[in-house]
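Residue numbers begin at 1 in each chain, while the letters A, B, ... track the order of the sequences. The model shown is predicted, which means the values in this text are computed figures rather than measured ones.
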Protein chains: 2
Amino acid sequence: MATGRNHRPATSRSRGIPEATVARLPLYLRALTALSERSVPTVSSEELASAAGVNSAKLRKDFSYLGSYGTRGVGYDVEYLVYQISRELGLTQDWPVVIVGIGNLGAALANYGGFASRGFRVAALIDADPQLAGKPVAGIPVQHTDELEKIISDNGVSIGVIATPAGAAQQVCDRLVAAGITSILNFAPTVLSVPEGVDVRKVDLSIELQILAFHEQRKAGEEPGASSGRRPGEAAAPDVDTAPPAAPPAVAVTKRPPESGPDGDLPAVMPA
Amino acid sequence: MATGRNHRPATSRSRGIPEATVARLPLYLRALTALSERSVPTVSSEELASAAGVNSAKLRKDFSYLGSYGTRGVGYDVEYLVYQISRELGLTQDWPVVIVGIGNLGAALANYGGFASRGFRVAALIDADPQLAGKPVAGIPVQHTDELEKIISDNGVSIGVIATPAGAAQQVCDRLVAAGITSILNFAPTVLSVPEGVDVRKVDLSIELQILAFHEQRKAGEEPGASSGRRPGEAAAPDVDTAPPAAPPAVAVTKRPPESGPDGDLPAVMPA
DNA sequence: CCATCTTTGTGCACGCGTTCACAAAGGCAT
DNA sequence: ATGCCTTTGTGAACGCGTGCACAAAGATGG
């Protein structure tokens, strides 16, 4: 999920810590921070797992990659674990971040408190619109794209957030990378190409919704048992397709693997 | 991933389509739509894969789950494939969506064009602040939380977007679910608990940044000589910088840093 | 000091997802 | 038709991630 291109070992077992584990550490950290604020001294893997919404065995295995920080019969020391995870994630140091594209989303991100809370500091806001230049957003004056390279260089920024329209994303990305950025969080609905060594993570609202729609459609089409029967008012054919817009390459009527689920869900009717 | 809780087979082999494949379909669809607009009649798996940023073998296997829509020696018919994927994802029907929490982020989402583009329609904006009630955001008047149940019921909404502060998220979630919502896109930095049958996908800016920071730190710590030749499995000695705050794995007596607001994350007050 | 109880840490097995590599299928030129 | 070339569709191998189940480790009480 973090690849801009497709390569990279993906294994990314940086030092032995699986990527899946890394992705969960922030979750644990959040739960632990909450416990810390309530002055809870220790937690068991069961409790913490529950708070983080994961399996306790998984949590223990995750922590085992960090080392053995628990005490058998007791659990984990909250404060200590907060520190260890923070350190592992690199949150004990300061991470200046630039946000490029100060539209609705960019502005919202700039105002987002989640940045500053954990070592992330918004070093600059950048936008291509000269009109915005100088105007403060979230207390930080917006700077023009022309300054991009200088800003990154001067502040030693290594993490960039792209919140521009899709059309400008790749271009901005290239400039960020050329300027020294090695980690990018991309909100633009585009696939970014980056050289090896640069990490890209994408946040795509549209994709998330489409995935939800898929499951939603499936739920609506299965609940009744066999026939259609949808809750959300509207009609719309479930799966049994309507007529496709364009004629298939005339080769469409291939044999369908009859191994379709035992639930005999949908008659695989192919457009003739 | 997409689970609010931890259970659920996760297999989710809806009809044989792996979850990982479903997550990529929107990517393919986007690439195909772009080709369609350029009136490109057909594409090979290689070309399309490149455009979507994935491996071509993976793409072919993904499509094989949908059926055989390609022509050997030629490739895939763009228009036809756009239709098939759209139908599979359930985008041929209308999906009314409600956004709860019209702060900076909620407003940005409301203005986001990505919604309407693919069958998703913002049916209503909901916020707990009476001040906002009636005021239009993105051309849609904000309604008060009191109306939540009625709005969902009247519009047959099945997908909800939570953009509230973390403290309010679970409560809002519960009400949404009780009102009939079965798919939730959660932007609040919290783990949501939902009954079985309800899908939750989360988008967490803070987590993404922390993951990036992890890799960033690793890059910074390895590039130079990388004197530390420790191998995985071994007791992980503290990385680069600073020494641990307090005691070793025995019993920590760490002190809390004076800073650090609430859980950070969102400018909101957490319920005790 | 010993017995018991709690909770961690992990070996192991299983299943999903990815990738390779190739046979089959179709187009196209001759 | 025949043969060659392109590209799909997929069988099989492999690796990662997950979860079970249990032995080891340590706390606690007598």
Original post:
Do you know the tightest heavy-atom contact between B/Ile207 and A/Ala23?
Top reply: CG2-O, 4.1 Å
**OP:** Apply the test side-chain hydrogen bond (donor to acceptor under 3.5 Å, both in side chains) to residues A/Ser50 and A/Glu46: give CA-CA distance (whole Å), side-chain angles for both, the deciding distance (0.1 Å), then the verdict.
**Re:** CA-CA 6 Å; A/Ser50 172; A/Glu46 201 69 53; over 6 Å; no
Original post:
Between D/dG9 atom C1' and B/Leu66 atom CG, what is the distance in whole Å?
Top reply: 13 Å
**OP:** Let me know the distance between CD of A/Glu19 and P of D/dT18, rounded to the nearest Å.
**Re:** 11 Å
Original post:
Atom NZ of A/Lys58 and atom C1' of D/dA21: how far apart are they, to the nearest Å?
Top reply: 17 Å
**OP:** Please state how far atom CG in B/Leu48 lies from atom P in D/dT7, giving the value in whole angstrom units.
**Re:** 14 Å
**OP:** Look at the side chain of B/Lys61 against the base of C/dT19 and say whether a donor-acceptor pair falls under 3.5 Å; ignore hydrogens and angles.
**Re:** yes
**OP:** List the atom of A/Gln217, the atom of B/Trp95, and the distance in Å for their closest heavy-atom pair.
**Re:** N-CH2, 3.9 Å
Subject >> Residues that B/Arg24 engages under salt bridge (charged side-chain N to carboxylate O under 4.0 Å, His left out), provided they are two or more places apart >> reply: B/Asp62
Original post:
C/dG17 phosphate, OP1 or OP2: any side-chain N/O from B/Asn55 under 4.0 angstrom?
Top reply: no
Close N/O contacts between protein and nucleotides 7-9 of chain C (under 3.5 Å):
residue, atom, partner, partner atom, Å
C/dT7, O4', A/Gly73, N, 3.0
C/dT8, OP1, A/Ser45, N, 2.4
C/dT8, OP2, A/Ser45, OG, 2.6
C/dT8, O2, A/Arg72, NH1, 2.9
C/dG9, OP1, A/Gly70, N, 3.1
C/dG9, OP2, A/Tyr76, OH, 2.6
C/dG9, O4', A/Arg72, NH2, 3.0
C/dG9, N7, A/Arg60, NE, 2.9
C/dG9, O6, A/Arg60, NH2, 3.2

Original post:
Just how far is it from atom CD1 of B/Ile17 to atom OH of B/Tyr65, taken to the nearest 0.5 Å?
Top reply: 10.0 Å
Original post:
Expressed in angstrom and rounded to an integer, what is the separation of A/Leu59 atom CG from D/dG17 atom C1'?
Top reply: 15 Å
**OP:** Would you kindly give the CG-to-P distance between A/Asp62 and D/dT18, to the nearest whole Å?
**Re:** 7 Å
Original post:
Do A/Arg30 and B/Asp204 sit within salt-bridge range, that is, some charged N less than 4.0 Å from a carboxylate O?
Top reply: yes
Original post:
How long is the line joining CZ of A/Arg24 and P of D/dG17, in whole Å?
Top reply: 9 Å
